Visitor: 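This is the structure I have questions about; it appears just below.
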There are 2 protein chains.
Amino acid sequence: MLSIGDLSRRTGVKIPTIRYYEQMGLIAAPERTEGNQRRYTSTELQRLSFIKHARDLGLNINAIRDLAELSADPDKPCADVHSIANDHLTGIREKILRLLRLEKELQRIVRGCDTDQVGDCRVIEALCDHALCAQDH
Amino acid sequence: MLSIGDLSRRTGVKIPTIRYYEQMGLIAAPERTEGNQRRYTSTELQRLSFIKHARDLGLNINAIRDLAELSADPDKPCADVHSIANDHLTGIREKILRLLRLEKELQRIVRGCDTDQVGDCRVIEALCDHALCAQDH
DNA sequence: ATAATCTCTCTAGTAACTATAGGTTCAAGG
DNA sequence: CCTTGAACCTATAGTTACTAGAGAGATTAT
């Protein structure tokens, strides 16, 4: 049996986060000692590792809850699993595109300034006037 | 004189957000009518446009507050302005890199699965076992 | 004058935690 | 067996940048 600290060390999930996940229903409430401390089994270790991994991949808690539910049923079709993953992938790609646009624009703005005084700093100027932008963002 | 609705329409910043910015000290408290409604001038229109533009570029409120303060002083060196912009640019680039890594990994995971049943779905499997990952994330 | 629209304040909710306070339990050493 | 220090407990509030809603009052057009 693992204490919450043990579980934390093994998964890399911080202790308050583990309690938070329990509160959010992502992991089941574990057994307790007589003194009311949580004790975990390897089942919960696996489950939390799964969650951690999914979080590291950027999935949100709802998506993870859904995935976890789906994975409990080995005979079901896994189309839903793929759909969650693909939606997430699409979201990531959109974010990447947006950030790339921002990067370009910011770079252009910063490079456009060759003065040392705020009074004629192109960065400030560009921020003041959206019309100076090369593209949407 | 502009009402808060006018200001909102002209800047694209929602009304509650304008009030929020006032509360946060990003914009000064404007004049009021006898009936206690806010009335804005073109000064505030400019300021809010500046803020909106900076937000659209992804700058956070603290950074914007700093930029706005700096821009009030035309004789100061603009090194600090550039430093804020460059820090932000660095942050954006880091985010892009992280998302690109995530995208690759997720893509690999999703493509690796050619079954239809949850029981042997590679996506679930990959999430359960971090060792199956090709790289860090 | 009245109706329709706008605005006011205040509170609470969002996502996913993190931090803190004040108290209890556990495990190891003497 | 007892002590002590580390680990654990709950509950509450704070983080970021808003957004939603309630209930009341103001403004504008007809």
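Convention: sequence-line order gives letters A, B, ...; per-chain numbering from 1. This one's a predicted model, so the numbers in the text were calculated from it and none came from an experiment.
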Visitor: So, A:Ser3 versus A:Asp6: side-chain donor-acceptor pair below 3.5 Å or not?
Guide: yes
Visitor: Send over the distance from B:Leu59 CG to D:dA17 P, rounded to a whole Å.
Guide: 10 Å
Visitor: Nearest heavy-atom pair of B:Ala126 and B:Leu132: which atoms, and what distance?
Guide: CA-CD1, 3.8 Å
Visitor: Please state how far atom CG in B:Leu26 lies from atom P in D:dT16, giving the value in whole angstrom units.
Guide: 13 Å
Visitor: Need to verify one output field. Residue with the more 5' nearest nucleotide on DNA chain C, B:Arg32 or A:Arg55?
Guide: B:Arg32
Visitor: Just the atom pairs and distances: protein N or O near nucleotides 5-8 of chain D's N or O, under 3.5 Å.
Guide:
| residue | atom | partner | partner atom | Å |
| --- | --- | --- | --- | --- |
| D:dC8 | OP1 | A:Ser3 | OG | 2.7 |
| D:dC8 | OP1 | A:Gly5 | N | 2.8 |

Visitor: I need the CD-C1' distance between B:Gln23 and C:dC10, as an integer number of Å.
Guide: 10 Å
Visitor: Separation of A:Lys52 atom NZ from C:dC17 atom C1', in whole Å?
Guide: 13 Å
Visitor: Are there over 12 heavy-atom neighbours, none belonging to A:Arg122, within less than 6.0 Å of that residue's CZ?
Guide: no
Visitor: Closer to the 5' end of DNA chain D via nearest nucleotide, is it B:Glu34 or B:Asn60?
Guide: B:Asn60
Visitor: Considering all heavy atoms of both residues, which atom of A:Thr11 and which atom of A:Ser49 are nearest to each other, and what is their separation?
Guide: CG2-OG, 4.0 Å
Visitor: Kindly give the atom pairs (protein nitrogen or oxygen, nucleotide nitrogen or oxygen) under 3.5 Å for nucleotides 1-5 of chain C.
Guide:
none

Visitor: Would you mind reading off the distance between B:Lys14 atom NZ and C:dT14 atom P, rounded to a whole angstrom?
Guide: 17 Å
Visitor: Check whether the side chains of B:Thr43 and B:Gln46 place a donor and an acceptor atom closer than 3.5 Å, and report yes or no.
Guide: no
